[in-house]
Amino acid sequence: MMQRALFSRSALLAQQAAAALDSPLVGRSASVLQRMDHRSVSSVTIPPPACMLRPLEVPMRYLFGPGPSNVPPRVLASGSRPIIGHLHPEMYEIMNDIKKGIQYAFQTENNMTISMSGSGHAAMECAVFNVVEPGESVLVAVNGIWGERVAEIAERMGANVHTMVKAPGGYYTKEEIEQAIEKHKPVLFFLTHGESSAGLCHPVDGIGDICRKHNCLFLVDTVASLGAAPIFMDKQKIDILYTGSQKALNAPPGTAPISFNDRACYKMFNRKTKPISYLFDMTHLSNYWGCDGNTVRAYHHTGPVSGFFALRESLAILAEKGLEESWRKHKEVSAYLYKGLEDLGLKLFIPDRDLRLPSVTTIAIPEGYDWREMLGYIMKHHQMEMTGGLGPSIGMVMRIGLMGYNCEKTNADKALHALADALKNCKKSKA
């Protein structure tokens, strides 16, 4: 009897143990042990980084600097759509939509209109690399960081670069521009429409006529101004125009619309040498975007599919709102911000209201304050980004950007409140 009882008890314990081994918890433990055992004999010597075993965390912030800006929920949602192939017919249709949206935003009928797979710098380099050959003369108007960048890009690819230089916030008369073009005889003249490092919106009217008179291409940067200030590519006789996705267009960074007119295309496609960049070669990009007349689009590179979804929706929002309404809204909100800044005793960096960039407002650094301390205080206590200067304007200005989705008087009030708080609580030198 005792032996049968012991046997029955042993059988019961065996059954319980077997059941326990079948449980999900034990199964997971066994799986972990198996992976650990596998690692012990693996050739991998670098362990998984601890940061990659934690979930992604991204803070919510008010992006009231010069960009990127906060993105509308509709644009964010578009980026989470299912991925499709970059050479699928549906992707080509989306790219065709983007092309039409860019033509509207640029106010151009140019067929050679695409988006670069990259930030505004990609479009900047694409423009210079494709229409300039080594040894050719290039004239660059420098009144902030973007002229400096274009001058360096052109110099790196072997152009004979000439610069017109003014302090941040300075602008050029048509007479000054024509004199420089007559002197240097460039194949390309570059001007920044929205110089975000200084907060300047440069006049464009009449410059295209000067460039055509002297057989020079006119290249304009509108990364910080498109959608916020009027620009008319065809009417203003701009030969090459580009922008970025992350400013007033309110898409995530990473795509950059660009357009070439017939004059630019003639120069671009009648080169003696190939462009120095394969990725930015418009011979291939024009085919990828269906601009070269061929029915078949060949593989060139894998475009940012989700980025193009977002760019398409941001251009759709601009089309639904209308360019003129977008320009009006930016002008109204920037004027509201100007008054609030002046009421705080702050000095606007660009004295001429008509030359101020509506999307990015610059103020002179308040006397006696450390601008870095002020910006750090605003970020810490208000979860709000404003920035200092960039390039030649560092130490001269603080920059406040209210563009696209962020272009609202309520956001101007938030920015003014944060600045008032910083002025009250940051140290001010007695000097």
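Heavy-atom basis, side chains included; hydrogens, waters and symmetry copies ignored.
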Closest heavy-atom pair and its distance - [X], [Y]:
X: A422; Y: I378; result: CB-CG1, 3.9 Å
X: A415; Y: F64; result: CB-CD1, 4.1 Å
X: V131; Y: M268; result: CG1-CB, 4.2 Å
X: Q103; Y: N110; result: NE2-O, 2.8 Å
X: E109; Y: D234; result: N-OD2, 2.8 Å

How about N261 and K237: does a side-chain donor come under 3.5 Å of a side-chain acceptor?
no
Under a 3.5 Å threshold, yes or no: a donor from one side chain and an acceptor from the other, between S69 and N250?
yes
For this output row, return yes or no: ring centroids of [X] and [Y] closer than 6.0 angstrom.
X: F308; Y: W289; value: yes
X: H382; Y: Y62; value: no
X: F189; Y: H214; value: no
X: W146; Y: H121; value: yes
X: H86; Y: Y299; value: yes

Cation-pi, F218 ring and R212 (6.0 angstrom, 45 degrees):
no
With a distance cut-off below 6.0 Å to the six-membered ring centre and an angular limit of 45° from the axis, does R353 pair with Y338 as a cation-pi contact?
no
Any sub-3.5 Å donor-acceptor pair from R61's side-chain atoms to Q383's backbone N or O?
no
Taking the side chain from S359 and the backbone from S225, do they hold a donor-acceptor pair closer than 3.5 Å?
no
Compare all side-chain heavy atoms of F190 with those of T192 and state whether any distance is below 4.5 angstrom.
yes
